[in-house]
Q: 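Here it is: the structure, laid out below.
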Amino acid sequence: MNSALAWRDGVLRVETCAGSWLLDVRRQQYCRAERGTTAWFVSPLAWMPFHRLTVGRDGHVRLALDPDGVSFVSGWLHTAECARCCQETTAQGLRRPA
């Protein structure tokens with residue numbers, strides 16, 4: 001499995017360039033969190049329903065929030081040496097991510 005995707009305690013963690021998505025696949029609920037946050041420290045009110053997760057070969061991830069896939073969140077898988085983050089932060093003049 002890609003290092004940006006990890007199962008732990010029944011939750012799938014998806015590391016994107018903008019942060020983490022935690023997915024409880026059994027309950028079909030997700031939440032966004034800062035990198036390193038464990039599912040145990042997320043408020044029960046933070047979890048929202050989702051219908052489908054798609055991971056493209058190019059690293060693009062998309063989380064459909066409704067059955068028709070009209071409403072969704074999307075991002076890019078984050079890796080340790082993430083060229084995408086470095087390019088974006090350099091272009092904006094910001095500090096490289098840790």
Q: Any non-hydrogen side-chain atom of L12 less than 4.5 Å from a side-chain atom of L53?
A: yes
Q: Between D68 and V70 (side chain of the first, backbone of the second, donor and acceptor by atom type, cut-off under 3.5 Å), is there such a pair?
A: no
Q: Roughly how far, to the nearest 0.5 Å, is the SG atom of C31 from the CG atom of L22?
A: 4.5 Å
Q: side-chain contact (heavy atoms from CB on, under 4.5 Å), that's the test. Do L23 and L63 meet it? Break it down for me.
A: CA-CA 10 Å; L23 285 79; L63 192 62; 3.7 Å; yes
Q: Report yes or no: do V42 and W7 belong to one cluster of Ile/Leu/Val/Met/Phe/Trp/Tyr joined by side chain heavy-atom distances under 4.5 Å?
A: no
Q: Can S20 and R13 be counted as having a side-chain donor-acceptor contact under 3.5 angstrom?
A: yes
Q: Ignoring hydrogens and geometry, is there a side-chain-to-backbone donor-acceptor pair from R26 to V11 under 3.5 Å?
A: no
Q: For residues Q28 and P49, determine if any side-chain heavy atom of one lies less than 4.5 Å from a side-chain heavy atom of the other.
A: no
Q: Determine whether V61 and T54 satisfy the following criterion, side-chain contact (heavy atoms from CB on, under 4.5 Å), listing intermediate values before the conclusion.
A: CA-CA 6 Å; V61 291; T54 305; over 6 Å; no
Q: Between CZ of F41 and CD of E34, what distance do you get to the nearest 0.5 Å?
A: 13.5 Å
Q: Indicate the atoms forming the closest heavy-atom contact of Y30 with V73, along with that distance.
A: OH-CG1, 4.2 Å
Q: Test W21 against T16 for side-chain contact (heavy atoms from CB on, under 4.5 Å), laying out the working first.
A: CA-CA 7 Å; W21 300 350; T16 71; 3.8 Å; yes
Q: State, yes or no, whether a side-chain contact exists between Q29 and M48 at a heavy-atom distance under 4.5 Å.
A: no
Q: V14 versus V55: any side-chain heavy-atom pair under 4.5 Å?
A: no
Q: Considering all heavy atoms of both residues, which atom of W47 and which atom of D24 are nearest to each other, and what is their separation?
A: CZ3-N, 3.9 Å
Q: Quick one: does R52's side chain get under 4.5 Å of R62's, heavy atoms only?
A: no
